[in-house]
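Everything numeric here is computed off the predicted structure, so don't read it as measured data. Residue numbering restarts at 1 for every chain, and letters A, B, ... go by the order of the sequence lines.
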Protein chains: 2
Amino acid sequence: MHNPFIQIAGSKRSLHVQVAREIARKILSGEAAQNEIIPSEMVLCEQFSVSRTALREAIKLLTSKGLLESKPKVGTRVKSRDNWNFLDAQLLDWVIDLGDNEIVYQEFLALRKAIEPEAAALAAKNATAQQRILLSATFQQMDYISKNFDAQKWMEVDMEFHRLVFLSTGNSFYLPFANVLCTMFRSFISHSSEKGGTCIGEHRAIYSAIMAGDADKAREANAILLKNTNHRLPTSN
Amino acid sequence: MHNPFIQIAGSKRSLHVQVAREIARKILSGEAAQNEIIPSEMVLCEQFSVSRTALREAIKLLTSKGLLESKPKVGTRVKSRDNWNFLDAQLLDWVIDLGDNEIVYQEFLALRKAIEPEAAALAAKNATAQQRILLSATFQQMDYISKNFDAQKWMEVDMEFHRLVFLSTGNSFYLPFANVLCTMFRSFISHSSEKGGTCIGEHRAIYSAIMAGDADKAREANAILLKNTNHRLPTSN
DNA sequence: CATTTATATTTATCCTATAATAAACCTTGA
DNA sequence: TCAAGGTTTATTATAGGATAAATATAAATG
């Protein structure tokens, strides 16, 4: 009794994720207003041609990310925007899928400017031996790719570099940024690849400071990188 | 066929949340190792004395927060710590419940130091008229309570003040911090209430700068507040 | 009018059956 | 022996229907 249309349209993911994605789209786009009660389970099951099981798992998923809240007799309500966890990589993916991403990109850059320099400082202090090895290996690749430029490869290694910085902070609260960052990098053409420029110098400064354990220098170097980062229009989708 | 023990032990929440909380506890405490396959659905259903439906909803909840990943035939695997979304208020709640929170508190303070000054700066630039009214009203209360001191009330209004700063940034990525902050404030006795000192002067500086639209001053004022914030032992739970 | 009780609606939970998936285990043929 | 390809099997995914719990609303009651 599957509806093959949904399977195709929603890529290859599991059914409840596809349903969750579609409901999320309606919420994030404003098509379903905040504080509004969405249709009852039965109605939604028919709309999506899925069982109650799948639908309810979708709703649980969205509830977990702060988009919905269910009560018996009342129904399932769209929570206000304040509760949406934009620092969840999956939710961010859904946001990006809406298109119109210049604002998302700008807001993310504003977040990076706050958080990343401090992350670099913490990494300089707290990175483990193994993390330093990983960071080192990644920077080697950056260096190589900056000389034999390839936009796609640069994006990947650039992403990995910054991801490792977050993972090396030794602070649990910085870990989620790693995934959010990856989601953003994968969705947008890296701004720093503009005109083939790879900011290798700025990255080297961050890398060296972290390896040297110089927190202040790492912080400043990362701030400089982000200051030079000039906002590019997203080109994906 | 409910198991009343679980109902009592896990407070009044819905069943699948109670199950999720218990599984989360095992994962967060390390009792269930990273990358380990947890017991199959049937086994867990028996362990918790719940139906597959409830159990599966629990697993979906944990999957959404990056703690688990399920595959047919393979089983459900505990994801590595990098994937745990510590910036999810519910997950943070579970972390705090483990006790041993001095580290959590320190790490959170490190995050605040990075993010909050910038949030204050953004709020100074972007707060709407309505948000300024709310912030104003909240600061009035702070002022009053600082003179007629009450630790509990001060915690609440202090929390509300900083929450409003995050909500006033006009940046989606800053919104989740509001909820995380509230979770932390509710779980720990506010550090700033030490010896009846309420940092009202520091808060006034932040408040005034935001109301005046002076981003730089707001940033600096918030940084000063956090610099003076001296780490107290958590005393709750 | 206030307060309690009854009712109806919706989600919550339980249960069982079937489908999809992929790892592990067999063939089978060179 | 061993590699390719099909088969079995264990596990999650999905379906669907039944019962329980919760609660907003309406009705009854004092």
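- If you measure from atom CD of B/E57 to atom C1' of C/dT11, you get 10 Å, rounded to the nearest angstrom.
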Base contacts versus sugar-phosphate-only contacts with protein, heavy atoms under 4.0 Å: please encode nucleotides 3-10 of chain C as B, S and - from 5' to 3'. ------BB
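- Residue contacts shown for A/T53 include a base, since a base heavy atom lies under 4.0 Å away.
- A donor N or O paired with an acceptor N or O is found under 3.5 Å between the base of C/dT13 and the side-chain atoms of A/R52.
- Remark: P of D/dG17 and CG of A/L55 are 15 Å apart, rounded to the nearest angstrom.
- With distances taken from any side-chain atom of A/S70 to the nucleotides C/dC14, D/dT14, C/dT11, the minimum falls on C/dT11.
- Remark: the backbone N or O of A/K79 is paired with a side-chain donor or acceptor of A/W84 at under 3.5 angstrom.
- Proximity of B/L44 to B/Q47: side-chain heavy atoms (C-beta onward) are separated by under 4.5 Å at one or more points.
- For the salt bridge (charged side-chain N to carboxylate O under 4.0 Å, His left out) test, residues two or more places apart in sequence or in another chain that qualify with A/D143 are A/K147, A/R204.
- For A/R56, a side-chain nitrogen or oxygen approaches OP1 or OP2 of C/dA12 to under 4.0 Å.
- Going from atom CD of A/E46 over to atom P of D/dG17 covers 12 Å, rounded to whole Å.
- Using a 4.0 Å cut-off between a side-chain N of Lys or Arg and a carboxylate O of Asp or Glu, A/R163 and A/E160 qualify as a salt bridge.
- Between the side chain of A/R132 and the main chain of A/A127, a donor-acceptor pair closer than 3.5 Å is present.
- A/S51 has a side-chain polar atom (N or O) that falls below the 4.0 Å cut-off from OP1 or OP2 of D/dA15.
- Rounded to whole Å, the distance from CG on B/L15 to P on C/dC15 is 11 Å.
- With rounding to whole Å, A/I38 atom CD1 is found 11 Å from C/dT11 atom C1'.
- Proximity of A/L111 to A/F177: side-chain heavy atoms (C-beta onward) are separated by under 4.5 Å at one or more points.
- Listed by first and then second residue, the side chain to side chain donor-acceptor pair (under 3.5 Å) pairs involving residues 24-39 of chain B are B/E22-B/R25 (not counting sequence neighbours).
- Taking 4.0 angstrom as the limit, A/H16 places a side-chain polar atom (N or O) nearer than this to OP1 or OP2 of D/dT14.
- The distance between atom CD of B/Q18 and atom C1' of C/dA12, rounded to the nearest whole Å, is 12 Å.
- Side-chain N/O atoms of A/S14 and base N/O atoms of D/dA13 include no donor-acceptor pair closer than 3.5 Å.
- Taking atom CZ on A/R77 and atom C1' on D/dA24, their separation rounds to 12 Å, with Å as the unit.
- Here D/dA13 presents its P atom at 8 Å from CD1 of B/I59, a figure rounded to the nearest Å.
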